[in-house]
Amino acid sequence: MSQPLLSIEDLRVEFDRGEDTVYAVNGVSFSIAEGETLGIVGESGSGKSVTLMSAIGLIRENGRIRSGRAMFQGTDLLKLSERQLEDIRGREIGVVFQDPMTSLNPVMRIGDQIMEAMLAHHFCSHREAFERTLQLLHEMGIPEPKARFRNYPHEFSGGMRQRIMIAIALACEPQLLIADEPTTALDVTVQMQILALLQEQRRKRNMSVAIITHDFGVATNFCDRIIVLYAGQIMEVADTGTFLRESAHPYTVGLKHSIIEIGHRARPLQPIPGMAPTITEMPHSCSFASRCPFAAERCRSELPQLREIGSGHWVACHRAEEVLADVI
Amino acid sequence: MIVAIAVTQPQAPARQARRNSPMYRAWQRYRKNWFAVAGLIWVVIFFIIGIIGPWIAPYSYTYADFLHMHSGPSWQHWFGTDTVGYDVFSQILYSIRYALEIALGATCVSFLIGVILGLWAGLAGGIIDVIVMRAVDFMFALPSFFFALILMVLLGKGIFPMILAIGVPGWAGYARLIRSLVLAMRNGEMVEAARALGASQWHIARRYMFPNVVGSMVVSLAFGIPYDLTAQAGLSIVGMGLNPPMPSFGNMLAQAGANILGFPWLLYFPAGVFAITLLSFLFVADGLQEAFNPKGGV
Amino acid sequence: MFYVKFLAKRFVAIVITLAAVIAISYIMMYYSPGGFMNTTQLASALAPLAAQDPAAYQKLMEQFQSRYGLNLPLWRQVLQYEWHTFTFNFGNSMQNPTLSIVSQLKGALPISVFLAFGSVVVSVVIGIPMGVIAALKRNSWVDYLVTTLSMFGQAIPSFVLAVIFVLIFGVVWQNVLPVTGWGTPADAVLPVLSLAAGNIGVVARYMRGSLIETMRQDFIRTAKAKGVKYWALVIRHGVRNSLTALITVIGPQFAFTVVGTVWVENIFAIPGLGKVISTAFTNFDFPMAITAVFILGGTIMLTNLVVDLIYSWMDPRVKLQ
Amino acid sequence: MSSEALLEVHEVSKRFRVQGRDLHAVEKVSFQLERGQTFGLVGESGSGKSTLGRLVLKLLEATEGRIVYQGKDITRLTQKQMRPLRQEMQIIFQDPMASMSPRMTIGMAIEDAMVIHKMGTKEERHKKVDELLERVGLPREVKWAYPHELSGGQLQRVGIARALSLNPKLVICDEPISALDVSIQVQVIQLLRELQRDYDLTYIFISHNLAVVEYLSDVVAVLYLGEVVEQAPAEELFSRPTHPYTQVLIQSILKMPGSMEERQALTPIQGEIPSPFNPPKGCPFHPRCPLAVDRCRTTKPERRNIGPNHAVACHLAT
């Protein structure tokens, strides 16, 4: 792979909750190559969205970045001032959020909201921005762009609003698109439409996409490479092919087994026992050990580091080889 | 050792539960609010004075010291005397008693009417709801103070008429609040779940609705009392309150305004006590609001 | 077309409300102690005449009663009074029977309206920036200062503030600002300030809370993700959305301010409608009192209508009905 | 079909009056359910599946149709008459947090169900609370906790325990897992299965997740704009989906492929679910249907049987 577009190194983020501190991201490192589609998969509280949001300065008020770097085209995003970040957000990096119902300004015409993205960056003249907005609405599959330009968000369906969100994110032709659970709030038929639209736009614009999702189906069908997060740490990184063939982390394996898909009627269920912990202390051992069928003494005393067990296949597990042997 | 833990265990979580109960947590939040605590202390003092005021007052409110008319603060008259020779300190003590009687009474009257009508509208729905809400709109169209003025004319002056004059027109706000709370809950999933369990209306109201609205009701009451205190003083300002020599903050302030030149103590003390009292009530109300539904806070 | 229908509906509602207020006031006055329109007072005043010339006395009383329609059954009296009021034929007051009510109120109404609107405008102009700054600098000393000042403003009624102003500018700093009367622009400063203090508190606190809430919304994050500059974000997205919520408190606040004018005009001896109302009530001058309430009530309701129109214009989600 | 059906639903419809317009939430739905069975209801948002669940429990009153429970017509029962029956018919909600009072501890919440039906003495009820918590896989100490202290998965277990405390026969599961994380979903599904076996429960399982519905249900009905467009035994429905909408739904699910070669192409269906205020004329699905012909635009297809227990509302189905 060529020079990475964005590379996050040893990122640590914590949230102050008053009585205690939640260590949401604990030393996460990964990179996104140009033109690559990366899937970041995890359950709620795994830190999947915090990781990328803190890289672009969209962290909640009580959040704090402890350490790390986020290199984007040679600059460390974490060292930039808020003003410098403003120039990058929306211009070089576009973001699509989960809930299209609340993510658009309810009292602003949708056309103005799309235009605003271009005007904030002096991307083009006012006149051109208007033309481009109509063009974008058309590309996003919104019928009658000229008439719809003047509508307000509440006059659109959920799927249409998500299309508008995508139009906003793509307005300045960003190099990287971050999609934070873009289809979670939508029905399955609409999810398919939105994913198809994202795929089409990615191909057309040749941009990198980082899609944050909890859905293995979405990640494996849509992405080139997949990162699995658990309790603020990367458990496994692999390209989708490897991921499908030979996941080596017990958590990934467990999740794969616990997915119910059509045609699974006769299969017995194999749920992962227990629940994901909220990390209020810096972890010193494997966070998954208490739920892991492979857990050994070492897992409870020593923090497993991410290590490469195959080409581009990284796993944070002391017993990855044994897990792999078991799986194959 | 292990045995000991096993024995104490059932009590420990019970204590923990009490500490995590919404009421306890609200109290914790309230306690942290310095203004609210200070306000509460003064409100308590205010109440105590309201009860024992007449006994500790050095003079009767009808006693005019003709030898010391409009004299400044002295050992004899701590807060001075007014133009007729009434002792300002005693007047304030009595004023507190009457102000409290009127404001609390009026708030109770408003609240009672409001709760009954609000509950009725929210639970019965249909035409009753429409009628009650129209009446609420009507009451909101004009300031209730105007209704109070009209009622004062009808009822004549005195403490009891003032309670009614301020209290009766003040019901609309409470009714609207109660109705909206009832509606929000009635259509909410919590009540639906209780209905699915087979709970009777009475059981739902007692066990599910009431504990969840009591906070909002306390907050609205807490905001209502300073409002009614203002209204009772305001009636005296325009000459429709208690008749002198019945002491009231409104009368004292009106008098102070008219005799400001040369007798500033007539203003300092009544205005000071009254302002601090209103502030305290507002701090308490605000603290309660923050405690029961923390939103804009930290 | 839609607006015509909406406005028509609201006007009807206003007229009905006013008619009800008048009817209720009239009936309550009718049964008030001392007799309606103070006939007992008139009777006692004319007692010597009654002794001397019963016929003349009788004639005078009848004249008086027919002038105010007192010889009719109550419901006809109410209807007649309603008719007179809605045709702006308010008749003469009882205090000054020679002067028509209209002529007495002509000068008073603009004063009170000026005071009320002036104080609302002042409070919006001062309160909104205060609230915005407090919200943006949350938990800083600026925030605490603004919140505490707002609490003071909100807690201390306008009449207390007015008396304090009278003390300050009548005793301590004499001749800086006038404390009584009406006529020059300087006369308006203190009354408007006394009325505005509470409103400033309400507006600032509400704006603060509302803006804090707004800045936590998802669409703010979207705007940040677009790269919108900070102040554009605060004003175009934050304040703009908070204002729609703020407008809903302006209506009730205006009504409250109108009550404040009744108090403040008394203290500053300003010949406004509020002063007229209190004088009318204390002197049992019912035609005057009802008329004044009618006019103030009408003003308040018209203001609320305008507020609703602005609200629907600012927030496209709101449907007028 | 057996006459010993636990529940029979005949042509039930529900219309809401919203701002002077009729909203057809549920249109003439019929099914019956035998003891121990699971009836799956699938559909996208706005399909009326949750409304249907509430109609069965009479938490909402049906506009038309009949509901017969154990041979007894409960359609006309008043809320008061329904109360004793509610012991036997319970519901598990999608959002367990919203369905519980924030001012009751978990123990109080579960016990309250038994208090309502005057079951047992205080000691017996407390014992039962402990048993139930253990049965749904929660530590006993949870009974001292308030809802806000528990995770979504734990709360859903509490919701299940509360429903079970009344020893119900019929349980309506209204999207019980859609708010939960994947690994927790499976745990809850497993729990529901075990409980069904142990207590001989009958489920109506409402979900937008087709795979889970297939996994749990004996019979499945697919809802679109308040109407059942296809109803069949689960195996039959998923191996031989006949209505174009069912086919589309199944195709829209992204399955995890076995290898890169098996990855699905993203082939979206056009259009969106129409507003239930003005459903399309003819077949409600025709504007989005790839196979629609003229007849679909004008005449509404009746539901008809195309195989044993397999009913479809489509002109083109064979």
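If you're wondering where the values come from, they're calculated on a predicted model, not measured in any experiment.
Counting non-hydrogen atoms of other residues, nucleotides and ligands closer than 6.0 Å to CZ of F114(C) gives a total of 12 or fewer.
Chosen from D315(C), V228(C), T244(C), the residue pairing most often with chain A at heavy-atom distances under 4.5 Å is V228(C). Ranked by heavy-atom pairs under 4.5 Å with chain C, the list L58(A), V95(A), N105(A), T102(A) is led by N105(A). Chosen from R60(A), R83(A), R91(A), E61(A), the residue pairing most often with chain C at heavy-atom distances under 4.5 Å is E61(A).
For chain C, no part of M101(A) is nearby; none of its heavy atoms comes within less than 4.5 Å. Of the atoms belonging to I56(A), not a single heavy atom falls under 4.5 Å from chain C. Neither the backbone nor the side chain of E155(A) has a heavy atom closer than 4.5 Å to any heavy atom of chain C. Contacts of L85(A) with chain C are absent, with no heavy-atom separation under 4.5 Å from either backbone or side chain.
A distance of 4.5 Å separates CD1 of I166(A) from CD1 of I194(A), quoted to the nearest 0.5 Å. Between E82(A) atom CD and D87(A) atom CG the span is 10.5 Å, to the nearest 0.5 Å.
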Inset, instruction - Decide side-chain contact (heavy atoms from CB on, under 4.5 Å) for Q201(A) and M140(A); before the verdict, give the C-alpha distance in whole Å, the side-chain angles of both, and the deciding distance to 0.1 Å. - result: CA-CA 9 Å; Q201(A) 295 300 323; M140(A) 296 308 130; 3.9 Å; yes
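Taking the centre of each ring, F219(C) and F97(A) stay at or above the 6.0 Å mark.
Between the side chains of S112(C) and E265(C), at least one donor N or O lies within less than 3.5 Å of an accepting N or O.
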